[in-house]
Amino acid sequence: MQNFITKGLNNRWIGFFIIFIFFVITIWSSNKIVQEFKKEEHQRVENYAKSLELITSSDFLDSKTQDFLFKLIEDNKTIPVALVDEKGNISDTKNIDRSITEDSARLKHFVNEMKKSDQIIEVELIGSKNYVYFKNSKLLNQLRYYPFIIILLIISFFGFTYWYFKTVRETEKSFLWAGMAKETAHQIGTPLSSLMGWVELLKLENIDPTTVDEIEKDVDRLNHIANRFSKIGSRSELTKNNIVGTTQQTVNYISQRISKGIEVNFKTDVEEFNIKLNESLYSWVIENLMKNAADAMQNKGVLDIIISTQNKYVEISIKDTGSGIPSKLQKKIFEPGFTTKKRGWGLGLSLAKRIIEEYHNGKIFVAKSTKETGTEFKILLRK
């Protein structure tokens, strides 16, 4: 089991490493595209500035050359630019929103922001220095967010995929459990019917009634267990029952069947409290927790079962003085197949979780567990 867990953890780390490398490559390649695009925009603004400089510096350009230069100037349709003289006066703008250009105060502030970005090209127009300020185009700004959008989409995809396969796996497990439980109930049912017949025959014989009564109790118990298995996977019927009485009956029954070296204490703050409950399945959970506690204490210690009423919940606490559960295993103990015992299928706690959380819409969890003080399980059921 430990090797299986270690292998699973290694596979997870490999998966995380591959995803991390994929994210790094995505960000690096996207950033490279942005930088190339930025260089291209810078070159286009340089062409714009040099074209302005050439047109104003010479009166002897032929018409074809002038047309070419004007085409370079007009070619910029996306990059915001502003032409400013040495005194800071704005002589021309291009690709700046009209609502800004029509408000002189806003335009001045906008150009100052462009100046801070340190994207400036110096040109000489009619014997005086001028400056072309420019900003990134909207497309380039959008490209900056492209890697984050891609990563968000990838995370969303993996999240959906994980949720989908987890849902499918849980559904498959549900069908598997239901099938196993019903088949178990069916297999128990056949010899159980024979045993019930033999008990009736023994009653007719001259046999000690005490012995027959004890056999009959065990047969009834087997019948009760078979009924429990048959209910797994079926729609759970919840009816109003006294949870205090049901718990106490279960505690009394198990107390007589575990080691006498275990001191069992049952405490409650109310004598009777009725909630919606499937008595048979709920008793099964208490039995499982008590038997696990007895195993953890190696048949010697103190086992406390405490019922208390909270604002919205009834709380059932099962405390033992065993060796505790390591913190790294506390979340795994409810997984099907996980067990630290040499014998056992590791289904007891997973079934308990299913009964409490899915059938009763409650909660079951390890409240605390240490090597010195033992383990405390808590069950919360809605009032």
Q: Show the numbers, then the answer: is there a side-chain hydrogen bond (donor to acceptor under 3.5 Å, both in side chains) between T78 and S137?
A: CA-CA 6 Å; T78 57; S137 67; 4.6 Å; no
Q.
Quick check on salt bridge (Lys or Arg N to Asp or Glu O under 4.0 Å): which of K378, R382, K383 does E315 satisfy it with?
A. K378
Q. Can you name the nearest heavy-atom pair linking E86 to S128, along with the distance?
A. OE1-CB, 4.3 Å
Q | Side-chain donor-acceptor contact under 3.5 Å, D97 with S99 | A | yes
Q.
Grouping I, L, V, M, F, W and Y whenever their side-chain heavy atoms are under 4.5 Å apart, do I286 and F365 come out in a common cluster?
A. no
Q) Salt bridge or not for K129 and E122, using N-O below 4.0 Å? A) yes
Q.
Under the criterion side chain to side chain contact (heavy atoms under 4.5 Å, CB included), I'd like the reasoning laid out for L381 against Y282: C-alpha separation, chi angles, the key distance, then a yes or no.
A. CA-CA 11 Å; L381 296 175; Y282 168 76; 4.1 Å; yes
Q: Establish whether V84 and L107 are linked, either directly or via other cluster members, by ILVMFWY side-chain heavy-atom contacts under 4.5 Å.
A: yes
Q) Counting only heavy atoms not in K240, do more than 12 sit closer than 6.0 Å to its NZ atom? A) yes
**Q.** M290 side chain near V251 side chain, heavy-atom distance below 4.5 Å
**A.** yes
(Q) Once side-chain hydrogen bond (donor to acceptor under 3.5 Å, both in side chains) is applied, do any residues pair with R106, and if so which ones, sequence neighbours excluded? (A) none
Q. With a 4.5 Å heavy-atom cut-off, do E272 and V244 have their side chains touching?
A. no
Q.
To the closest 0.5 Å, what do you measure between OG (S51) and CD (E46)?
A. 11.0 Å
Q: Determine, stepwise, if the pair V264 / I258 fulfils side chain to side chain contact (heavy atoms under 4.5 Å, CB included).
A: CA-CA 10 Å; V264 180; I258 57 177; 4.0 Å; yes
(Q) Starting from L281, can I reach L349 by hopping between I/L/V/M/F/W/Y residues whose side chains sit under 4.5 Å apart? (A) yes
Q | Main-chain N/O of E40 paired to R44 side chain as donor or acceptor, under 3.5 Å | A | no
Q. Is E102 salt-bridged to R98, cutoff N-O under 4.0 Å?
A. yes
Q. In Å and rounded to the nearest 0.5 Å, what is the NZ to CD1 distance from K138 to I79?
A. 14.0 Å
Q: Decide whether L380 and V270 are clustered together by the hydrophobic rule: side chain heavy atoms of Ile, Leu, Val, Met, Phe, Trp, Tyr closer than 4.5 Å, transitively.
A: no
Q) So do V81 and Y133 actually touch side chain to side chain, heavy atoms under 4.5 Å? A) no
Q: State whether F334 and K353 meet the cation-pi test: NZ (Lys) or CZ (Arg) under 6.0 Å from the six-membered ring centroid, and within 45° of the perpendicular axis.
A: yes
Q: Specify whether F160 and W163 have parallel, tilted or perpendicular ring planes, treating 30° as the upper limit for parallel and 60° as the lower limit for perpendicular.
A: tilted
Q | Check: K319 and L303 side chains under 4.5 Å, non-hydrogen atoms | A | no
Q. Is the closest side-chain donor-acceptor distance between T247 and T250 under 3.5 Å?
A. no
Q. Mind checking whether F266 and I275 sit in one hydrophobic cluster, side chains of I, L, V, M, F, W, Y counted as touching below 4.5 Å?
A. yes
Q | Set of ring-ring contact (aromatic ring centres under 6.0 Å, His included) partners for Y48, sequence neighbours left out | A | none
Q. Looking only at heavy atoms, what is the nearest atom pair of I325 and S369, with distance?
A. N-OG, 2.6 Å
Q: Could you tell me whether the side chain of N278 reaches within less than 4.5 Å of the side chain of Y359, counting heavy atoms only?
A: no
Q | Spatial distance of atom CD (E358) from atom CD1 (I355) [nearest 0.5 Å] | A | 10.0 Å
Q: Check step by step if side-chain hydrogen bond (donor to acceptor under 3.5 Å, both in side chains) holds for T239 and N241.
A: CA-CA 6 Å; T239 56; N241 286 287; 2.9 Å; yes
Q: Would you check, one step at a time, whether the test side chain to side chain contact (heavy atoms under 4.5 Å, CB included) holds for T246 with I243?
A: CA-CA 5 Å; T246 301; I243 190 170; 5.5 Å; no
Q. Side-chain donor-acceptor pair under 3.5 Å between N89 and S91, yes or no?
A. no
Q) Are V132 and I120 close enough, and set up right, to give a side chain to side chain contact (heavy atoms under 4.5 Å, CB included), and what steps lead you there? A) CA-CA 6 Å; V132 176; I120 307 169; over 6 Å; no
Q: Could you check S308 against Q310 for side-chain hydrogen bond (donor to acceptor under 3.5 Å, both in side chains), going step by step and ending with a plain yes or no?
A: CA-CA 7 Å; S308 59; Q310 309 296 329; 3.1 Å; yes
Q) Under 4.0 Å between a Lys/Arg side-chain N and an Asp/Glu carboxylate O for E357 and K363? A) no
Q: Hey, could you give me the NZ/CG distance between K87 and N130, rounded to the nearest 0.5 Å?
A: 11.5 Å
Q | Least distance between heavy atoms, V123 atom then A49 atom | A | CG1-CB, 3.4 Å
Q: Please check if any side-chain donor atom of E376 sits under 3.5 Å from a side-chain acceptor atom of S317, or the reverse.
A: yes
Q) Are F377 and I316 close enough that some pair of their side-chain heavy atoms sits under 4.5 Å apart? A) no
**Q.** Interatomic spacing from NZ in K291 to CZ in R257 - rounded to 0.5 Å
**A.** 9.5 Å
Q) For G261, does its backbone N or O pair with a side-chain atom of N299 as donor and acceptor, under 3.5 Å? A) no
Q | Any donor-acceptor pair under 3.5 Å from T93 side chain to I96 backbone | A | no
Q: Taking atom types as modelled, find out whether D304 and N265 have a side-chain donor-acceptor pair closer than 3.5 angstrom.
A: yes
Q: Report yes if the side chains of V302 and I262 come closer than 4.5 Å at any heavy-atom pair, otherwise no.
A: no
**Q.** Heavy-atom neighbours of E113 CD exceed 12 at 6.0 Å
**A.** yes
Q) Please walk me through it: do N242 and N274 pass side-chain hydrogen bond (donor to acceptor under 3.5 Å, both in side chains)? A) CA-CA 4 Å; N242 178 14; N274 294 313; 5.2 Å; no
Q. Are any non-hydrogen side-chain atoms of K38 and N136 less than 4.5 angstrom apart?
A. yes
Q. Closest heavy-atom contact between F134 and M114?
A. CA-CE, 3.3 Å
Q.
Working to the nearest 0.5 angstrom, can you tell me the gap between I254 CD1 and Q249 CD?
A. 12.5 Å
